[in-house]
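Letters A, B, ... mirror the listed sequences (proteins, then strands); counts begin at 1.
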Amino acid sequence: MARILITSALPYINGIKHLGNLVGSQLPADLFARYMRGRGHEVLFLCATDEHGTPAELAAAKAGQPVAEYCARMHEVQGDIARRFGLSFDHFGRSSSKQNHRLTQHLAGKLAENGLIREVSEEQVYSNADGRFLPDRYIEGTCPNCGYDKARGDQCENCTKQLDPTDLIDPRSAISGSTDLEVRETKHLFLRQSALKDDLDKWIDSKADWPILTTSIAKKWLHDGDGLQDRGITRDLDWGIPVKRGTEDWPGMEGKVFYVWFDAPIEYIACAAEWAEANGLDDAAWERWWRTDKGAEDVRYVQFMGKDNVPFHTLSFPATMIGSGEPWKMVDHLKSFNYLNFEGGQFSTSQGRGVFQDQALDILPADYWRWWLLSHAPESSDSEFTWENFQVAVNKDLADVLGNFVSRVTKFCRSKFGETVPQGGAHGDAETALIAGLTTRIRAYERHMQDMEVRKSASELRAIWVAGNEYLQSAAPWATFKEDPEKAAMQVRLGLNLIRLYAVLSAPFIPDASARMLAAMQTDDSGWPDDVAGALEALQPGHAFEVPDVLFAKITDAQREDWQERFSGRRA
RNA sequence: GGGCCUGUAGCUCAAUUGGUUAGAGCAGAGCGCUCAUAACGCUUUGGUUGCGGGUUCAAGUCCUGCCGGGCCUACCA
């Protein structure tokens, strides 16, 4: 039995996320976690809300709530949605937790001890009306290059020229519109990533099996221009983790907080501490996952994230870990995803474009979304959601191939043999061939799941479902029944056992439907089919079952048209 | 501007890393079956691999030039 630590990128706190956020990190992470648990491994699957930074403060202000209350409320909302999607986190934490405060401050102190922090005085734009320093992006004005009047302080969206806030003509606050801006001097801490460049480079080079998407982004940052740059890890904000050196105050840094991208990945670790506390465990319980000097040397650590998150996970977070000089568990495999597009454009939280997670659950059960999103996961390139494709794929795969299989087997059995597993008959050549074929496919499915090849896993699983229909068609128990009822009994018994087998194999993708299949078969035997022939004997003659309700109702044309219409605009 | 990824059947994607005749699913066509959610199974149509050059015994795969799509470019997270 192996021990597997799994983290999903942390969803940001400022509102409800769309389906693109789900497919790029949490959902594939859940797939992997469920699979590994199903195989009997010890899994710790962690996720949390990422709660700090300017957008959280602004979202809270817009909602008319103090930021701490706003974050607490949104954490509950996101946690509830995650549960309803079946995301099986062992703990869903918060980057604002006391554990993360403590650990972030501790690590900053270690980095300072090791000479990896330097103080930098710089000039930043301060908005008197807003009472805050403005990140470059939150300053708008006219582009000196092209004259576009909504250019941002970091870059002009119109002509793509990179800018400094001070380049803008008639600069104003993007928050309040105020032009009462001034440049103030402020002091910040920088993490000397440049000093860790060679260590990081070596570390990345040791990860030969990582996707190109992942390593190419890291390499670019390491080698482009002057190489890896030092990075500011503090901000002039109220909401965040106060800058401290371990437990000591940090002279000159009063009133400042750590930058959200410094503390957010640390929450991966702090979340394990939250998990331990929530479950009444001691520190050793979480340290055995994260400290290689305290039992984590045999842990396999896998991270899931969208491609936009890669630089932080391959560079700045590892720089923090390495620079601390402490024996933290480093990531072993980093699985990154491209983006999911929506009907020819991008999903957009800020523009309210696409289907949001709460809306998705309002119109269909989680399994529909899980199946479609995972079987179309944007692994090799960006992928596209369209309502037509969604309707056709879900109806075919879930309703016709799997759902109807369950239905035809159970209903046929009920009408000919009653609601118990029928007795009699013995396997012949057809059954031997079926078992051999299934064994090959199940081993392939295991390989793909192990390798986190999400689409290939889905496609293999579907082929396993199809094999059941193929068998039924050629065995034709409805015909056999007339001449040789015992043989038909054996065929139906095998069909019923296939339902249980499918429930076990499919659980990582469609956990709710799997549970209903097991419930209908009136068994809680969800053991993995290492021996396929044996697994197909699990339900013995005489075992009672019941015909389940329709497993997956089909999406009608009327529904699809309604949703197309309803989700064509922006979310209010 | 710079860097990276990408373009394969009407649609969504494969192709064991340069190796026979480029494969699946869906959609389309035909046949079969009647247990089942008008479901299932079998057969089948469909490709100048974006375009043009080049390297090689051999190119979807490598090089090069165009054309298209996307991501990143360090203070949004």
Got a list of protein N/O to nucleotides 8-15 of chain B N/O distances below 3.5 Å?
| unit_1 | atom_1 | unit_2 | atom_2 | d |
| --- | --- | --- | --- | --- |
| B/rU12 | O2' | A/Arg455 | NH2 | 3.4 |
| B/rC13 | O5' | A/Arg455 | NH2 | 3.0 |
| B/rA14 | OP1 | A/Ser380 | OG | 2.6 |
| B/rA15 | OP1 | A/Lys456 | NZ | 3.3 |

Worksheet item: Hey, which of A/Trp369, A/Phe342, A/Tyr368 is the one that makes ring-ring contact (aromatic ring centres under 6.0 Å, His included) with A/Phe390?
Response: A/Trp369
Practice prompt. For A/Gln124, answer base if it contacts any base atom (sugar-phosphate contacts may also be present), sugar-phosphate if it contacts only those atoms, and nothing otherwise; contact means non-hydrogen atoms under 4.0 Å.
Written response: base
Worksheet item: When the ring centroid of A/Tyr259 is compared with that of A/Phe190, is the distance short of 6.0 Å?
Response: no
Worksheet item: For the pair made of OH in A/Tyr12 and C1' in B/rA77, what is the distance, rounded to whole Å?
Response: 6 Å
Worksheet item: Think A/Lys554 forms a cation-pi with A/Phe552, using NZ or CZ under 6.0 Å from the six-ring centre and within 45 degrees of its axis?
Response: no
Discussion item. Classify A/Glu460 by what it touches in the nucleic acid, base, sugar-phosphate, or nothing, heavy-atom distance under 4.0 Å.
Written reply: nothing
Fill in: Spacing between A/Phe417 atom CZ and B/rA36 atom P, to the nearest angstrom
14 Å
Worksheet item: How is A/Phe133 classified with respect to the nucleic acid when contacts are heavy atoms under 4.0 Å: base, sugar-phosphate, or nothing?
Response: nothing
Fill in: Anti versus syn assignment for B/rU45, with syn defined as within 90° of 0
anti
Worksheet item: Rounded to whole angstroms, how far apart are CZ on A/Arg152 and P on B/rU73?
Response: 10 Å
Practice prompt. Look at the side-chain N and O atoms of A/Tyr259 and state whether any lies under 4.0 Å from the OP1 or OP2 oxygen of B/rC76.
Written response: no
Discussion item. Less than 4.5 Å apart, side chain to side chain, heavy atoms only: is that true for A/Glu419 and A/Thr410?
Written reply: no
Worksheet entry | Spacing between A/Arg516 atom CZ and B/rU37 atom P, to the nearest angstrom | 15 Å
Worksheet item: So what does A/Pro477 touch, heavy atoms closer than 4.0 Å: a base, only the sugar-phosphate, or nothing?
Response: nothing
Worksheet item: Among B/rC35, B/rA77, B/rC26, which is the nearest nucleotide to the side chain of A/Trp261?
Response: B/rA77
Worksheet item: Any idea which of B/rA36, B/rG70, B/rG41 is nearest the A/Gln473 side chain?
Response: B/rG41
Practice prompt. Check every atom of B/rC75, B/rU37, B/rC35 against the side chain of A/Leu551 and return the nucleotide holding the closest atom.
Written response: B/rU37
Discussion item. Does B/rC72 have OP1 or OP2 under 4.0 Å away from a side-chain N or O of A/Tyr339?
Written reply: yes
Practice prompt. Run the salt-bridge test on A/Arg172 and A/Glu140 with the 4.0 Å N-O cut-off and return the result as yes or no.
Written response: yes
Worksheet item: Between the main-chain N or O of A/Arg455 and the side-chain N or O of A/Glu379, is there a donor-acceptor pair closer than 3.5 Å?
Response: yes
Discussion item. Roughly how many Å apart are B/rA22 and B/rG65, using the C1' atom of each and rounding to a whole number?
Written reply: 26 Å
Worksheet entry | Under 3.5 Å donor-acceptor pair, A/Asn404 side-chain atoms to B/rA36 base atoms | yes
Worksheet entry | Residue A/Asp154, side-chain atoms from C-beta onward, closest of B/rU37, B/rC76, B/rC35 | B/rC76
Practice prompt. State whether the side chain of A/Ser514 and the backbone N or O of A/Ala503 hold a donor-acceptor pair below 3.5 Å, judged by distance alone.
Written response: yes
Worksheet item: Taking only N and O in the side chain of A/Lys411, is any of them less than 4.0 Å away from OP1 or OP2 of B/rA39?
Response: no
Item to complete: Send over the distance from A/Leu402 CG to B/rC26 C1', rounded to a whole Å.
Response: 17 Å
Item to complete: Could you tell me whether A/Arg152 and A/Asp154 have a side-chain N and a carboxylate O separated by less than 4.0 Å?
Response: yes
Worksheet item: With sugar-phosphate meaning primed atoms plus P, OP1 and OP2, does A/Val392 contact a base, only sugar-phosphate, or nothing at under 4.0 Å between heavy atoms?
Response: sugar-phosphate
Worksheet item: In dot-bracket, 5' to 3', how would RNA chain B read with Watson-Crick or G-U wobble pairs under 3.5 Å, [ ] for crossing ones and | for pairs to another strand?
Response: (((((((..((((.....[...)))).(((((.......))))).....(((((..]....))))))))))))....
Worksheet item: If you check every side-chain atom of A/Asp308, which of B/rA77, B/rC75, B/rC76 has the closest atom?
Response: B/rA77
Discussion item. Run A/His313 and A/Tyr268 through ring pair (Phe, Tyr, Trp, His ring centres under 6.0 Å) and show every step you take.
Written reply: CA-CA 11 Å; A/His313 288 78; A/Tyr268 288 144; 5.6 Å; yes
Worksheet item: Using the rule for Phe, Tyr, His and the six-membered ring of Trp, do A/Trp478 and B/rC35 stack at under 5.5 Å and under 30°?
Response: yes
Worksheet item: Given atom CZ of A/Phe337 and atom P of B/rU6, what is their separation to the nearest angstrom?
Response: 17 Å
Practice prompt. Report which part of the nucleic acid A/Gly403 touches: base, sugar-phosphate, or nothing (heavy-atom distance under 4.0 Å, all strands).
Written response: base
Worksheet item: Which is true for A/Asp136 with a 4.0 Å heavy-atom rule: it touches a base, it touches only sugar-phosphate, or it touches nothing?
Response: base
Practice prompt. Please work out if A/Val406 contacts a base, only the sugar-phosphate, or nothing of the nucleic acid, heavy-atom cut-off 4.0 Å.
Written response: nothing
Discussion item. Please tell me whether A/Phe405 and A/Tyr502 form a close aromatic pair, meaning their ring centres lie under 6.0 Å apart.
Written reply: yes
Item to complete: Grab the NZ-C1' distance between A/Lys307 and B/rC72 for me, whole Å please.
Response: 9 Å
Worksheet item: Within this structure, what is the CD-to-P distance between A/Glu57 and B/rA77, rounded to whole angstrom?
Response: 10 Å
Discussion item. Please compare A/Lys554 and A/Gly227 by the position of their nearest nucleotide in RNA chain B and report the one closer to 5'.
Written reply: A/Lys554
Worksheet item: Looking at the rings of A/Phe317 and A/Phe312, which for Trp means the six-membered one, are their centres under 6.0 Å apart?
Response: no
Worksheet item: Nearest of B/rA77, B/rC71, B/rG41 to any side-chain atom of A/Asp50?
Response: B/rA77
Discussion item. Is there a side-chain contact between A/Arg137 and the phosphate of B/rC76, meaning an N or O under 4.0 Å from OP1 or OP2?
Written reply: yes
Practice prompt. Looking at every strand, decide which applies to A/Ser459 at a 4.0 Å heavy-atom threshold: base, sugar-phosphate, or nothing.
Written response: nothing
Worksheet entry | A/Asp236/A/Arg132 salt bridge by N-O under 4.0 Å criterion | no
Discussion item. So A/Phe405, base contact, sugar-phosphate only, or nothing? Heavy-atom distance under 4.0 Å.
Written reply: nothing
Item to complete: Just compare B/rG41, B/rC76, B/rA77 and give me whichever is closest to any side-chain atom of A/Glu470.
Response: B/rG41
